[in-house]
Amino acid sequence: MSFADLTRNAVHVHPEGALEQKLALGRPLRVKLGIDPTGPDIHVGFAVVLRRLAAFQRLGHIAVLIVGDYTARIGDPSGRSRERQVLPDDVLDRNAELFAEQAYRILDRERTEVRFNGEWLGKLDYAELVRLTRTGTVAQLLERDDFAQRFRGREPISVSELLYPFAQGYDSVAVQADVEVGGTDQLYNLLMGRDVMANYGLEPQAVITYELLVGTDGVEKMSKSQGNYVGIDEPPEEQFGKVMSIPDAALDQWWRLCLDAEPPRLESMKSKLALARGIVDLYNGSEAAGRAEAHFTRVVREGQAPEDVAEAGLPPDDPVHLPAVLADCFGLSTSEARRLIAQGAVKVDGEVVDELEVHRARLVGALVQAGKRRFVRFTS
RNA sequence: GCAGGGGUUCCCGAGUGGCCAAAGGGGGCGGGCUGUAAACCCGCUGGCUCAGCCUUCGGAGGUUCGAAUCCUCCCCCCUGCACCA
């Protein structure tokens, strides 16, 4: 563990030499990371930063995880082309809980402090808000690219969004952060934190941003709202498959950011398999990684049914109306099920079915497949 | 307050009386190909036991043989201007 481990995959370390200075203080540093509990899942992209935070912990420092239960009610405008939808309170609270739990898969519980920013933002009165917002000017706020674009494009920017960076900066004051880390998209907010701290007479935090991981689509940054993520808490088979679905062009970055490793000099297919194995291993262990790969080989590459197929019963009718049954088993609408049949995606014991009514005798005990990844065995 | 522009199917976005379950793109799904759920090509993409029927174009009414498209009222959003300070 070393300095290099703290700044691996970092894009900005600001200001120059600040991190070294903080480390030289010789006491455990308070390293802050904020999250908006907009969804319960931590994905491997967010884990890039979390794992750096864990590196700080290994050197004896304290991770201060700020759950933005209050700021989530504002909505972080970072990288946004429009206003965020605000979630109801109970959903946010629940997400926050699940989120913290998942974070401990990466962080050391003993060296982690979890704080909800409602603790102090909820008490912020108007006078205090005025003082806080005197930290910056409207021109400064509109300087940031996402706002500038929306402003130019005559898109709405709500005042509450404008307030967001101040609220985040106030978090740093409240927890006395020495360092704040985040994705590169957080640079503006993190730097504002420095100004806010100065405004409150505190030594400004050092700021580190880490490279953002692209999502499984290989284009957009990985995010919950895009649905292009691999969750650290997902089933191994799911994780493995999702990693295999990333475009080859994203391979190098995934190796570097997800596994802190140099991409191996292998053909892309082998490299991707190794990556998938590595990621599943990291979060679920080597045994699960082996299972997930076997599952992938069997189901995807060889087109066979998985080892353990879910079982289901049939309705008493004979013949059986297949669309309704498939819809029921796989959570589809009957129209979708019909389309799958029409497209030749439905097989009974390996044979394509093209009729909607099928005799019970043919289905009982049979393995039914709808598309490549949906299987069911009918027991009766 | 005034003026203008909007609210369309998962998303973006066309459509201004019938040919509209609604162009196009995205996403998703399916098929082909492939030692990848990569890439590429093709197809499908509201619901319903489905050659038919039902529901959908902010909401409620109305005109019409027929409305996403016309009228009335209402709700919501955006931009600009004004008012107040």
Side-chain angles (χ1 to χ4, degrees), chain A residues 80-86 149-161 214-220 222-230 234-255 263-264 266-280 292-304 306 314-328 330-347 352-360 363 368-375:
Chain A
R80 281 266 144 176
S81 55
R82 59 171 154 159
E83 280 184 81
R84 251 176 214 279
Q85 191 60 45
V86 175
Q149 275 185 21
R150 282 161 65 179
F151 193 66
R152 252 184 270 120
R154 300 193 157 189
E155 296 287 327
I157 300 171
S158 69
V159 176
S160 62
E161 288 182 282
V214 292
T216 50
D217 54 23
V219 181
E220 303 289 335
M222 184 174 287
S223 82
K224 283 171 262 187
S225 49
Q226 293 276 354
N228 60 357
Y229 69 89
V230 179
E234 289 189 84
E237 290 79 10
E238 203 61 26
Q239 290 182 328
F240 197 98
K242 283 189 179 180
V243 175
M244 290 306 289
S245 81
I246 69 171
D248 290 354
L251 262 175
D252 283 11
Q253 196 201 36
W254 277 57
W255 268 102
L266 295 171
E267 53 178 297
S268 57
M269 233 292 295
K270 281 185 176 156
S271 172
K272 205 183 287 183
L273 282 168
L275 174 72
R277 222 180 291 128
I279 289 175
V280 177
E293 180 168 20
H295 180 270
F296 183 83
T297 303
R298 187 181 168 92
V299 178
V300 179
R301 282 161 91 176
E302 294 169 5
Q304 295 181 45
L314 285 167
D317 327 288
D318 193 15
V320 173
H321 185 63
L322 202 53
V325 174
L326 293 177
D328 204 42
F330 302 127
L332 307 167
S333 68
T334 61
S335 295
E336 285 174 311
R338 271 168 186 275
R339 275 180 232 127
L340 287 176
I341 295 169
Q343 290 181 123
V346 176
K347 293 178 187 166
V352 174
V353 180
D354 57 2
E355 63 267 21
L356 302 178
E357 311 296 327
V358 180
H359 286 294
R360 281 185 69 90
L363 292 173
V368 175
Q369 177 178 4
K372 284 193 178 107
R373 288 188 280 149
R374 279 180 290 249
F375 293 88

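Everything numeric here is computed off the predicted structure, so don't read it as measured data.
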Do side-chain atoms of [X] reach the backbone of [Y] as a donor and acceptor pair under 3.5 angstrom?
X	Y	result
Asn228(A)	Ser223(A)	yes
Glu336(A)	Ser333(A)	yes
Trp254(A)	Val214(A)	yes
Arg360(A)	Pro315(A)	yes
Lys372(A)	Val299(A)	no

Seminar exercise, completed: In terms of heavy-atom contacts, Leu363(A) and Val320(A) come closest through CD1-CB, 3.8 Å
For this session: Work out which heavy atom in Pro247(A) is nearest to a heavy atom in Thr216(A); give both atom names and the distance.
Result: CD-O, 3.2 Å
Nearest-Å distance once atom [atom1] is located in both [N] and [M]:
N	M	atom1	result
G18(B)	G13(B)	P	24 Å
C65(B)	C75(B)	P	32 Å
G30(B)	U79(B)	P	42 Å
C71(B)	U63(B)	C1'	7 Å
A68(B)	G6(B)	C1'	15 Å
A23(B)	G15(B)	P	13 Å
C73(B)	U55(B)	P	28 Å
A67(B)	U56(B)	C1'	13 Å

Length of the line joining [X]:[atom1] and [N]:[atom2], which is rounded to integer Å:
X	N	atom1	atom2	value
Asp354(A)	G31(B)	CG	P	15 Å
Asp248(A)	A38(B)	CG	P	10 Å
Arg301(A)	U36(B)	CZ	C1'	7 Å
Phe296(A)	G35(B)	CZ	P	13 Å
Leu326(A)	G30(B)	CG	C1'	14 Å

Exercise. Looking across every strand, which nucleic acid part, if any, lies under 4.0 Å from Glu302(A) by heavy atom: base, sugar-phosphate, or nothing?
Worked result: nothing
Exercise. Phe240(A) near the nucleic acid: base, sugar-phosphate alone, or nothing, with a heavy-atom cut-off under 4.0 Å?
Worked result: nothing
Which nucleotide, if any, forms a Watson-Crick or G-U wobble pair with [N], using both distances under 3.5 Å?
N	answer
G24(B)	C12(B)
C73(B)	G59(B)
C65(B)	G18(B)
C40(B)	G32(B)
U79(B)	A3(B)

Exercise. Of the nucleotides U36(B), G31(B), A37(B), which one has an atom closest to the side chain of Arg373(A)?
Worked result: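 For the Arg373(A) side chain, the nearest candidate turns out to be A37(B).
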Seminar exercise, completed: Of the candidates G30(B), A38(B), A37(B), the side chain of Pro247(A) sits closest to A38(B)
Problem set entry | Residue-phosphate contact under 4.0 Å: Arg374(A) side-chain N/O, G30(B) OP1/OP2 |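 Checking G30(B) against Arg374(A), a side-chain N or O does come within under 4.0 Å of OP1 or OP2.
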Exercise. Do the non-hydrogen side-chain atoms of Lys272(A) and Leu251(A) ever get within less than 4.5 Å of each other?
Worked result: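 Yes - at least one pair of side-chain heavy atoms lies under 4.5 Å apart.
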Problem set entry | Heavy-atom protein contacts under 4.0 Å, nucleotides 44-52 of chain B, coded B base, S sugar-phosphate only, - none | SS-SBBB--
